[in-house]
Amino acid sequence: MDKYELRILILSGVTMALFIVAILRGVAKYDAGVPECIPYDESFTEPRIEKLDDNLYQVFALAQMWSFEPNEIFLPVGAEVDIYLTSKDVVHGYHINDVSLNMMAVPGGVNKKTVTFKKPGVYKIVCHEYCGSGHQHMLGEIIVNHPTN
Ligand code: CUA
């Protein structure tokens, strides 16, 4: 075998190995799973936060032109939260960057995702689906703090 041929073979092997490693790392870091679809009923259009126990919460989030409700959510560090999301009018997005949460708010449908907030901080919620002239105003915050008691 020609020495250049061998070098090219080694180079392409190494490149392929790097691609595979990059893909596996990406999956491990960012793949937070797919949201679950929940059967819809009217009670999901009533925005609220429910505390099930010290570290377990349910957020019933409602998106509508052009706001989220609740748009300020206070949670303790380490809280595990089931987020149920629906929309009152058109399709909206619900994106929280630092926990890789990416959901669609669909009228007549409910999406659910469980997220754990391991670090204190302010997590921004944004609508990432263009939904009309007030799209850029659809913002919210999840404030994660150490328990005060
Ligand atoms: Cu709601 Cu964009």
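All figures in this text were calculated on a predicted structure; none of them were measured in a lab. The basis for the numbers below is simple: all heavy atoms, side chains too, and nothing from hydrogens, waters or symmetry mates.
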Next on the checklist: Is any side-chain heavy atom of Tyr40 closer than 4.5 Å to one of Thr45?
Outcome noted: yes
Next on the checklist: Quick check for you: to the nearest 0.5 Å, what is the distance between Asn145 atom CG and Phe117 atom CZ?
Outcome noted: 13.0 Å
Checklist entry - Is it true that Val81 and Val110 fall in one hydrophobic cluster, defined by side-chain heavy atoms closer than 4.5 Å? => result no
Next on the checklist: So Cys127 and His135, do their side chains get closer than 4.5 Å, heavy atoms only?
Outcome noted: yes
Checklist entry - How many angstroms lie between CD1 in Ile142 and CD1 in Ile96, if you round to the nearest 0.5 Å? => result 3.5 Å
Next on the checklist: Does Asn71 form a side-chain contact (heavy atoms from CB on, under 4.5 Å) with Ile125? I'd like the steps, not just the answer.
Outcome noted: CA-CA 8 Å; Asn71 69 359; Ile125 305 167; over 6 Å; no
Checklist outcome for this item: Rounded to the nearest 0.5 angstrom, the CG-CZ distance for Leu11 and Arg7 is 11.0 Å
Checklist entry - Honestly curious: do Leu85 and Ile73 fall in one hydrophobic cluster under the side-chain, below-4.5 Å linking rule? => result yes
Checklist entry - Are Val126 and Tyr94 connected in the hydrophobic side-chain network, where two residues link if heavy atoms are under 4.5 Å apart? => result no
Next on the checklist: Treating Ser87 as the side-chain partner and Gln64 as the backbone partner, does any N or O pair qualify as donor plus acceptor under 3.5 Å?
Outcome noted: no
Checklist entry - Rounded to the nearest 0.5 Å, how far does CZ of Arg48 lie from CD of Glu50? => result 5.0 Å
Next on the checklist: Determine whether a donor-acceptor pair (N or O, by modelled atom type, separation under 3.5 Å) exists between the side chain of Asp89 and the backbone of Met65.
Outcome noted: yes
Checklist entry - Between Glu141 and Lys124, is the closest basic N to carboxylate O distance under 4.0 Å? => result yes
Checklist entry - Can you get from Leu62 to Leu101 by hopping between Ile, Leu, Val, Met, Phe, Trp and Tyr side chains that sit under 4.5 Å apart? => result no
Checklist outcome for this item: Value for CG (Leu75) from NZ (Lys51), rounded to nearest 0.5 Å, stands at 10.0 Å
Checklist outcome for this item: Rounded to the nearest 0.5 angstrom, the NE2-SG distance for His92 and Cys131 is 5.0 Å
Next on the checklist: Please tell me whether Val91 and Met103 are part of a single hydrophobic cluster in this structure, the criterion being side-chain heavy atoms less than 4.5 Å apart.
Outcome noted: no
Next on the checklist: Does this structure show an ion pair linking Lys3 with Glu5, if we count only N-O contacts that are shorter than 4.0 Å?
Outcome noted: no
Checklist entry - Looking only at heavy atoms, what is the nearest atom pair of Gly78 and Thr116, with distance? => result O-CG2, 3.8 Å
Next on the checklist: Under the side chain to side chain contact (heavy atoms under 4.5 Å, CB included) test against Thr114, which residue among Glu80, Glu36, Gln58 passes?
Outcome noted: Glu80
Next on the checklist: Looking at Trp66 and Leu139, would you say the former's side chain and the latter's main chain have a donor-acceptor pair under 3.5 Å?
Outcome noted: no
Checklist entry - side-chain contact (heavy atoms from CB on, under 4.5 Å) between Asp82 and Val59: does it pass, once the steps are laid out? => result CA-CA 6 Å; Asp82 293 330; Val59 171; over 6 Å; no
Checklist entry - Mind checking whether Tyr84 and Phe44 have parallel, tilted or perpendicular rings, split at 30° and 60°? => result tilted
Next on the checklist: Are the side chains of Pro70 and Phe60 in contact, using a 4.5 Å heavy-atom criterion?
Outcome noted: no
Item to check | Pairwise side-chain contact, Thr86 with Pro107, heavy-atom cut-off 4.5 Å (strictly under) | outcome: no
Checklist entry - Any side-chain heavy-atom pair from Lys119 and Val77 closer than 4.5 angstrom? => result no
Next on the checklist: Under the criterion side-chain contact (heavy atoms from CB on, under 4.5 Å), I'd like the reasoning laid out for Val144 against Tyr123: C-alpha separation, chi angles, the key distance, then a yes or no.
Outcome noted: CA-CA 8 Å; Val144 178; Tyr123 295 78; 3.5 Å; yes
